[in-house]
Amino acid sequence: MNLGFMDDPNRALAHTVVRTLTAQRLTCAAAESCTGGLLGHLLTEISGSSACFWGSAVTYSDEAKRQVLGVPTALLKAKGAVSADVAQAMAIGARNLYAVDIAVSITGVAGPGGGSVEKPVGTVYLYVQGPGGSGRGAHHVWTADRTGNKRLSATAALQLLLACTQGLPPKIDAS
């Protein structure tokens with residue numbers, strides 16, 4: 001059986017994520033910064049993704065992170081937008097904004113500019129906030145160009161999202 005996109009690892013992974021979430025009757029959303037909506041794009045390329053994917057907040061600026069996701073100003077000032085703590089706050093904000101079971105966030109320095117010694121180009125932080133307040137983060141430093149860093153970050157977010165679903169029972173409807 002040729003699904004027509006299995007030669008693209010991101011589409012194949014997105015397909016697996018959508019099918020897993022749908023089978024478990026879980027909903028998800030994303031908060032994206034450095035990927036600019038790429039994760040949302042990958043998920044919505046999969047037919048039937050509306051059953052589980054509710055949206056992605058592209059919060060590229062600090063102000064958007066504050067206004068849309070509720071990331072505290074003090075946190076942004078203390079840790080910087082590219083940090084594990086801000087990634088966690090973004091995921092929690094997206095989960096609350098969309099009222100979903102699981103939310104994943106991505107924040108980083110795609111490049112080619114904007115890096116520093118402490119946070120070089122390619123630095124990315126991800127966080128997934130799951131049911132019952134469970135969560136896990138990831139940190140990577142990619143060495144690709146801007147497009148490659150964005151793509152690698154979206155792939156890592158899909159992997160983190162899929163890992164969050166492992167071992168979760170299907171959601172039981174209260175109705």
What closest approach, in Å, do [X] and [Y] show between heavy atoms, and which atom pair accounts for it?
| X | Y | result |
| --- | --- | --- |
| Ala64 | Ser61 | N-OG, 3.0 Å |
| Ala30 | Leu39 | CB-CD2, 3.8 Å |
| Tyr98 | Trp54 | O-CE3, 3.1 Å |
| Lys119 | Lys79 | NZ-O, 2.9 Å |
| Val141 | Thr123 | CG2-OG1, 4.0 Å |
| Ala110 | Val121 | O-CG1, 3.7 Å |

Quick check for you: to the nearest 0.5 Å, what is the distance between [X] atom [atom1] and [Y] atom [atom2]?
| X | Y | atom1 | atom2 | value |
| --- | --- | --- | --- | --- |
| Gln24 | Arg19 | CD | CZ | 13.5 Å |
| Gln159 | Cys164 | CD | SG | 14.0 Å |
| Thr107 | Asp85 | OG1 | CG | 11.5 Å |
| Tyr60 | Ser33 | OH | OG | 6.5 Å |
| Ser83 | Leu75 | OG | CG | 6.0 Å |
| Leu97 | Thr59 | CG | OG1 | 10.0 Å |

Under 4.5 Å between any side-chain heavy atoms of [X] and [Y], yes or no?
| X | Y | result |
| --- | --- | --- |
| Cys34 | Lys150 | no |
| Gln129 | Ile102 | no |
| Asp62 | Val71 | no |
| Asp101 | Cys28 | no |
| Leu160 | Arg136 | yes |
| Thr20 | Leu162 | yes |
| Cys52 | Val18 | yes |
| Trp142 | Val124 | yes |

Is it the case that one hydrophobic cluster holds both [X] and [Y], taking links as side-chain heavy atoms less than 4.5 Å apart, direct or via other members?
| X | Y | result |
| --- | --- | --- |
| Leu38 | Val17 | yes |
| Leu13 | Leu43 | yes |
| Tyr125 | Leu76 | no |
| Val128 | Ile92 | no |
| Ile106 | Val82 | no |

For [Y], does its backbone N or O pair with a side-chain atom of [X] as donor and acceptor, under 3.5 Å?
| X | Y | result |
| --- | --- | --- |
| Arg95 | Ala103 | no |
| Thr44 | His41 | yes |
| Thr16 | Ala12 | yes |
| Glu32 | Ser105 | no |

Tell me who clusters with Val58, hydrophobic residues only, linked when side chains sit under 4.5 Å apart either directly or through other members.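 Taking Ile, Leu, Val, Met, Phe, Trp and Tyr as members, Val58 stands alone, with no cluster partners.
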